[in-house]
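What you see below is based on every heavy atom in this structure, not just the backbone, and it leaves out hydrogens, waters and symmetry mates.
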Amino acid sequence: QVQLEESGGGAVQAGGSLRLSCAASGRTFTNYAVGWFRQAPGKEREFVAAISWSGESTDYADSVKGRFTISRDGAENTVYLQMNSLKPEDTALYYCAADPIHSAHSGSAWYEWWGQGTQVTVSS
């Protein structure tokens with residue numbers, strides 16, 4: 001069992017930056033792929049970014065490419081999502097999730113453990 005906890009959300013103006021953290025407890029997720037997803041009010045949950053267990057492979061949604069960067073620190077047992085040049089359409093509840101089997105990918109159904117989410121609000 002892996003417990004995931006997101007942090008780092010907040011309210012920023014358009015063009016600003018935030019860094020989200022996903023910390024694992026209960027078991028190290030060093031060998032797991034980790035993904036970030038988001039869900040805005042009235043919309044379906046969507047993929048944002050993912051990173052393989054080694055950190056060598058990453059995947060991004062087209063809407064965040066060039067603005068967001070996913071990384072991981074094995075020693076800290078934490079995965080980060082650096083978000084720059086934020087836009088109002090990035091406003092959502094952001095979740096991290098861990099997949100013990102596959103590499104970095106966008107398929108939410110394969111992620112086995114999920115955090116509770118951290119809110120990101122971007123004002124224009």
Does one side chain, of His105 or Asp59, offer a donor that lies under 3.5 Å from an acceptor on the other? no
Decide yes or no on side-chain contact (heavy atoms from CB on, under 4.5 Å) for Glu6 and Leu20, but give the supporting numbers first. CA-CA 7 Å; Glu6 304 91 341; Leu20 304 184; over 6 Å; no
Do Asp99 and Glu112 have side-chain heavy atoms sitting under 4.5 Å apart? no
Looking at Ala50 and Tyr111, what are the two nearest heavy atoms and their distance? CB-OH, 3.5 Å
Value rounded to 0.5 Å, distance of CD in Gln13 from OG in Ser124: 9.0 Å
In terms of the angle between their ring planes, are Phe47 and Phe37 parallel, tilted or perpendicular, with boundaries placed at 30° and 60°? perpendicular
When you group the ILVMFWY residues by side-chain heavy-atom contacts below 4.5 Å and let the links chain together, are Ile51 and Val2 in the same group? yes
Please give me the minimum heavy-atom distance between Pro88 and Ala14, naming the atom from each residue. CD-CB, 4.1 Å
Taken to the nearest 0.5 Å, the spacing of Cys22 SG from Asn77 CG works out to 9.0 Å
Between Arg45 and Trp114, is NZ or CZ placed under 6.0 angstrom from the six-membered ring centre and within 45° of the ring axis? yes
Can any side-chain N or O of Ser52 pair as donor or acceptor with the backbone N or O of Ser57 at less than 3.5 Å? yes
Tell me whether Arg67 forms a cation-pi arrangement with Tyr60, defined as NZ or CZ under 6.0 Å from the six-membered ring centre and within 45 degrees of its axis. no
Criterion side-chain contact (heavy atoms from CB on, under 4.5 Å) on Phe68 and Asn84, from CA distance to verdict: CA-CA 6 Å; Phe68 291 11; Asn84 298 329; over 6 Å; no
Rounded distance [0.5 Å steps], OG in Ser108 versus CD in Glu44: 9.5 Å
Looking at every heavy atom in both Thr30 and Gly74, which two are closest together, and how far apart are they? OG1-O, 4.3 Å
Between Thr91 (side chain only) and Val122 (backbone N and O only), is there a donor and an acceptor less than 3.5 Å apart? yes
Hydrophobic cluster membership, Val34 vs Tyr95, 4.5 Å side-chain cutoff: no
For Leu93 and Gln116, the nearest pair of non-hydrogen atoms, with its separation, is CD2-O, 4.2 Å
Start with the C-alpha distance between Trp113 and Tyr32, add both sets of side-chain angles, then the distance that settles ring pair (Phe, Tyr, Trp, His ring centres under 6.0 Å), and finish with yes or no. CA-CA 10 Å; Trp113 295 290; Tyr32 300 165; 5.4 Å; yes
Restricting to non-hydrogen atoms, name the atom on Tyr94 and the atom on Val48 that form the minimum distance, rounded to 0.1 Å. CE2-CG2, 4.2 Å
Any heavy-atom pair between the side chains of Leu18 and Leu81 that's under 4.5 Å? no
Check: Thr118 side chain, Gly9 main-chain N or O, donor-acceptor pair, under 3.5 Å: yes
Does Glu5 have more than 12 heavy atoms from other residues, nucleotides or ligands lying within 6.0 Å of its CD? no
Run the salt bridge (charged side-chain N to carboxylate O under 4.0 Å, His left out) check on Lys65 and Asp62 step by step: do they pass? CA-CA 5 Å; Lys65 280 181 182 177; Asp62 288 342; 3.2 Å; yes
Please report the shortest heavy-atom distance between Ser63 and Arg38, naming the atom on each side. OG-NH2, 3.5 Å
So Phe29 and Leu4, side-chain contact (heavy atoms from CB on, under 4.5 Å) or not? Walk me through it. CA-CA 10 Å; Phe29 66 0; Leu4 304 178; 3.6 Å; yes
Report the C-alpha separation of Gln82 and Ser17 in whole Å, then their side-chain angles, then the decisive distance to 0.1 Å, and conclude whether the side-chain contact (heavy atoms from CB on, under 4.5 Å) test is met. CA-CA 8 Å; Gln82 178 67 45; Ser17 298; 4.0 Å; yes
Between Ile70 and Val79, is any pair of side-chain heavy atoms under 4.5 Å apart? yes
Do Leu86 and Trp36 sit in one hydrophobic cluster, given that two such residues count as connected whenever their side-chain heavy atoms are within less than 4.5 Å of each other, even indirectly? yes
